[in-house]
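What follows is a single structure, written as structure tokens, with notes after it.
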Amino acid sequence: KKPNFVVFLTDDQDHLMDSLSYQQYVKKHFLDEGTRFTHYYTTTATCCPSRVSLWLGTFAHNHNVTDEFRPYGSYYKFQENHLDDNWLPLWLQDAGYSNHYIGKFINGIDLNNTAPPKGWKHFEPLVSPGIYNFTNPIFSLNGGPVEAHPGVYQTDLILNKSLARIDEIAKKDDPFLFVISPTAPHDEVGDNFQFTPPRPAERHKHLFPNAKVPRTPNFNPAKQDKVAWMKNLPLLTPLQIEEVDHHYRQRLRSLQATDELVDTVIKKLKEKNLLDNTYLIYTTDNGYHLGQHRIAAGKHTPIENDINIPFIIRGPGIPKSQNRTNPATHSHFPATILDLAKIKR
């Protein structure tokens, strides 16, 4: 029987600021039960290009989704380039897989454009303006009418939808790919395109009161030896450092609901006798920086904090509690899945 695949795909999660250390269930179910690739990278530290590379196995300069917004990026660009004509979901579907997606896909799925890409039996993405609103998520199922959920915490809703989907998946004997993609720890984005630190669930908002961005040598360095645009950046002020530390705590807090989601989904897979023949993967689209090289908060740069990302896999034949230094990128992901599924192309 072909193996199943469950992918937990977060948004903007760092690898080098120890966010995984604050996720007890990721440690229990992934770090202790699987293999982490410590030198795993995205080649483009921006959501849309990175996510498209993940599913196509090509670099951004080849698939040509190079930005978050039109004309160079977004779901509209993805559609204009017909990128779902030749990508991993279709290859798996052609081999008999049933494919399911819940959560954030890429920017540009909005109230005027919810048509699903090819290859998915169940495609339930977050829809703008509800993608980056943690307490007013908006979804559409297979291009159908949008449904808003005011006052509901986004990650918890994704969890409930995922559990219901697993119940349905378990009724069939088809191999499956199931992608669960909460927006955390991405910033929350307001109506005026104003970015603020992510909003945690109410039950997590007081956690980690003393957590701070790790004071690594590249954090707000006294001597700046990087390229010109970084070299000329001023030192962060004490107020700016307080702000990045607060931002860091909010990111960690927002990830706690994701951590609970991981635990509950894996328990459900075990309950439905789906776990033993399933590869589980925990990763993200790109990393994040907070004060490194004197840059306050963000991504998009080629520095290690933005491009070195979490990638952990567990499943049949995968060594437990291992770290591997083999370099890999999101562009290797489709070939890896096809190889594990023993699908030749």
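None of the values given here were measured: they were computed from a predicted structure.
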Pair E168 + K121, salt bridge at N-O below 4.0 Å: no
Whether H39 side chain and N326 backbone form a donor-acceptor pair below 3.5 Å: no
Parallel, tilted or perpendicular: ring planes of Y153 versus F134, cut at 30 and 60 degrees: parallel
Which residues share a ring pair (Phe, Tyr, Trp, His ring centres under 6.0 Å) with Y288, sequence neighbours left out: H247
Distance flag, aromatic centroids of F193 and F195, threshold under 6.0 Å: yes
All pairs passing salt bridge (charged side-chain N to carboxylate O under 4.0 Å, His left out) where residues 332-345 contributes a residue, at least two apart: none
L20 reachable from Y40 in the ILVMFWY side-chain graph, under 4.5 Å edges: no
Donor-acceptor pair between Q23 and Q13 side chains, under 3.5 angstrom: yes
S74 side chain to E68 backbone, donor-acceptor under 3.5 Å: no
Single-linkage hydrophobic cluster Y97~L9, side-chain heavy atoms < 4.5 angstrom: yes
Short side-chain to backbone donor-acceptor contact, T42 and N286, under 3.5 Å: no
Side-chain donor/acceptor of W87 to backbone N/O of P334, under 3.5 Å: no
Donor-acceptor pair between H29 and D263 side chains, under 3.5 angstrom: yes
Short side-chain donor-acceptor distance under 3.5 Å, N218 and E304: no
In one Ile/Leu/Val/Met/Phe/Trp/Tyr side-chain cluster, 4.5 Å: F8, F178: yes
Between Q250 and R253: side-chain donor-acceptor atoms closer than 3.5 Å: yes
Sidechain N-carboxylate O distance under 4.0 Å for E33, K270: no
Atom of I307, atom of T301 and distance for their closest heavy-atom approach: CG2-O, 3.8 Å
Any pair counted as salt bridge (charged side-chain N to carboxylate O under 4.0 Å, His left out), so long as it reaches residues 225-250, sequence neighbours left out: R215-D245
Pair N4, T278: side-chain N/O donor-acceptor within cut-off below 3.5 Å: yes
Validation row: Q292, V213 side chains within 4.5 angstrom (heavy atoms): yes
Flag, side chain of T35 to backbone of P319, donor-acceptor distance under 3.5 Å: yes
Between D18 and Y248, a side-chain donor and acceptor under 3.5 Å: no
Flag for H330-T43: side-chain donor and acceptor within less than 3.5 Å: no
Hphob cluster co-occupancy, L338 + L56, side-chain heavy atoms under 4.5 angstrom: yes
Under-4.0 Å salt bridge between D167 and K171: no
Donor-acceptor pair, side chain of D110 and main chain of S128, under 3.5 angstrom: no
Pairing of K320 and D32 as salt bridge, 4.0 angstrom limit: no
Donor-acceptor pair between T44 and T46 side chains, under 3.5 angstrom: no
Lys NZ or Arg CZ of R70 over Y76 ring: under 6.0 Å, within 45°: yes
Closest approach of T155 to L261 (non-hydrogen atoms, all atoms of both residues): O-CD1, 3.7 Å
Aromatic ring proximity Y75/F123, centre distance under 6.0 Å: no
